[in-house]
Amino acid sequence: MRSMIQRPRGTRDFGPADMFRRRKAERAMRDICHRYGFGEVVTPTFEQSELFTLRSGQSIVDEMYVFKDKGDREIALRPEITASVIRLFVNEMSNQPKPLKLYYVGNCFRYENPQSGRYREFFQLGAELIGNENPETDAEVISLAVNCIRAAGLQDFQVRVGHIGVMKSLALSGVQDPALAGRALRMIDKKDFDAMGDMFDANSLSRNLFDRITALAETRGGTEVLDDVEDVKAQQHLKELFEILKLQGVEDVEIDLGIVRGLDYYTGMVFEIDAPRLGAEKQILGGGSYTLSELFGGEAVFSTGFAIGIDRVMLALDAEQEAPEYAPLDAYVVPTEDAMRKYAFAIVSKMRSKGLRADVDLMRRSMSKNLKYAASVGVRYAVIVGKEEMSKRSVTLRDMKTGEQKQVPADFVAEELENSLGKGAP
RNA sequence: GCCGGGGUGGGGUAAUGGUAUCCUUGGGGAUUGUGGAUCCCUUGAACCGGGUUCGAUUCCCGGUCCCGGCCCCA
């Protein structure tokens, strides 16, 4: 029977096995955030749509879920969370001591065409460091980002760091019309140099400038490529940044001055992380430094942040490794006959109170069926309670992997199991 | 928004212009205190709408959803 109500396009359901994997990765990344001194914040899933339209380009606005609520307010489901965090900062945290380190995990919504690694509801973990624009700040954020990805278990990924000021100042130096310069930046982002060449010719812009821009956009490599950069401030910034990163054990980071990032609000350092084996949607993280707060009515405060696409991280993990085994139960209590069923609850309750993941037959199944069930669900130990055991105030522990059995006193089942399971239940 | 490929029980499949095969899974039973075995019973399917036709799961059109790609991003 097919249910009449379908899941909305571009959304997903996650079953227990999925969530086991997701939470594991998420927990690992949260743990890193806390170790870096970032505190968690939660902001509303929906906001006044203006919060997002203020700063984002038309492209984001076009794909937002927007609606009027019953009070005729224009509301949008958040397409990302940075704007909300900065709003929160401006509204209620602007007097807190700097630097302010905040992180978040949440779902975001974009009305896009779904494909591999792209959904209409997707999940991000992100962090914002609000305070200054020093290289230390940028390094801290990049280091956090890289360690989150590592902690999630991903091995094959590429970190690329650039500086948007370099390209922006170069483009603006030769292109007076800001709209035109913006178009040029967008073409640089797409690496569509043919179109940019046509545009330059059409507006009779310098061919020399074009060459310098394309060269810059292709500039990738180690810190030595910075020597040719004319923007001394940016050059210094990135050099210091890389020194600090190295001291934090973050190496294998590439300079990529071609990173422009579509969003206009980035002002300085920008960075991206790719998982190469993902194909079309391989970018798993994007970030950089910006000054958003003034846009929302606060003072201009420098921040650096990033957002990780959790769904893409999970896809990348899938591509890299076998899914970890999902074993939902440590123990399953099997009564041998109906007379034992109630007593079985006392046993399972004792184990649960000790922190073990334990279950008991609710289906009134035969013993044989119960053991079959326990095996198919992946239980570690069957706890068999029957007449014989009860007369001795004991139960039989059966290791479902090896088939070994032993009788233990009923009062010590939990302790015995804890020992057998080693390091206790996760 | 655009382009390509798809849509048969929960999952995987077969055939077919005359309402559907097989496997698996789920539930029950047998073996009457030890398991993934065997046997038996049982639940359960053609994405939606329109058209062609005596008749459509099958052919045609539209929509929808899934998979992938462009664009953009996470």
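What you see is a predicted model; the values in this text were computed from it and never measured. Side chains are part of it too, since the values below use all heavy atoms of this structure and drop only hydrogens, waters and symmetry mates. Chain naming here is simple, since letters A, B, ... match the order of the sequence lines and numbering starts at 1 in each.
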Using a cut-off of 4.0 Å on non-hydrogen atoms, how would the nucleic acid contact of A:G279 be classed: base, sugar-phosphate, or nothing? nothing
With a 3.5 Å cut-off and no angle check, do the side chains of A:H237 and A:D138 form a donor-acceptor pair? yes
Does the gap between the ring centers of A:Y36 and A:Y103 come in under 6.0 Å? no
Is the count of non-hydrogen atoms from other residues, nucleotides or ligands lying under 6.0 Å from A:E415 atom CD greater than 12? yes
When you compare the protein's N or O atoms with those of nucleotides 2-7 of chain B, which come within less than 3.5 Å of each other, and at what distance?
from	atom 1	to	atom 2	distance (Å)
B:C2	N4	A:N113	ND2	2.1

Would you indicate whether A:R7, at its atom CZ, is surrounded by more than 12 heavy atoms from other residues, nucleotides or ligands within a distance under 6.0 Å? yes
Counting only heavy atoms not in A:D69, do more than 12 fall under 6.0 Å of its CG? yes
When you get a sec, tell me which of B:C73, B:G29, B:G69 is the closest nucleotide to the side chain of A:R118? B:C73
Are A:D338 and A:R364 ion-paired here, with the side-chain N under 4.0 Å from a carboxylate O? no
Looking at every strand, decide which applies to A:Y373 at a 4.0 Å heavy-atom threshold: base, sugar-phosphate, or nothing. nothing
Please list, for nucleotides 32-34 of chain B, all pairs of protein and nucleotide N/O atoms separated by less than 3.5 Å.
from	atom 1	to	atom 2	distance (Å)
B:G33	O6	A:K387	N	3.2
B:G33	O6	A:E388	N	2.6
B:G33	N1	A:E389	OE1	2.9
B:G33	N2	A:E389	OE1	3.4
B:G33	N2	A:E389	OE2	2.6
B:U34	O2	A:R398	NH1	2.9
B:U34	O2	A:Q405	OE1	2.5
B:U34	N3	A:Q405	OE1	2.8
B:U34	N3	A:Q405	NE2	3.2

Mind checking who B:G9 pairs with, Watson-Crick or G-U wobble, both distances under 3.5 Å? none
What's the closest nucleotide to the side chain of A:K372 if the choices are B:C71, B:A37, B:C73? B:A37
Give me the ring orientation class for A:Y326 and A:F20: parallel if the planes are under 30° apart, tilted from 30 to 60°, perpendicular past 60°. tilted
For B:G4, give its Watson-Crick or G-U wobble partner with both distances under 3.5 Å, or none. B:C67
Identify which nucleotide among B:C66, B:G35, B:G27 has an atom closest to any side-chain atom of A:R365, counting heavy atoms from C-beta outward. B:G27
Counting Watson-Crick and G-U wobble pairs only, both distances under 3.5 Å, name the nucleotide matched with B:G55, or none. none
With a 6.0 Å cut-off (strictly less than), is the heavy-atom count around CZ of A:F412, excluding the residue itself, greater than 12? no
For A:G15, answer base if it contacts any base atom (sugar-phosphate contacts may also be present), sugar-phosphate if it contacts only those atoms, and nothing otherwise; contact means non-hydrogen atoms under 4.0 Å. nothing
Looking only at side-chain atoms of A:M363, point me to the closest of B:A74, B:G27, B:G69. B:G27
Parallel, tilted or perpendicular: which one describes the rings of A:F109 and A:Y65, with boundaries at 30° and 60°? perpendicular
Determine whether any donor atom in the side chain of A:K369 lies under 3.5 Å from an acceptor atom in the base of B:G29, or the reverse, and answer yes or no. yes
pair_partner(B:U38), Watson-Crick or wobble, both distances < 3.5 Å, evaluates to B:A30
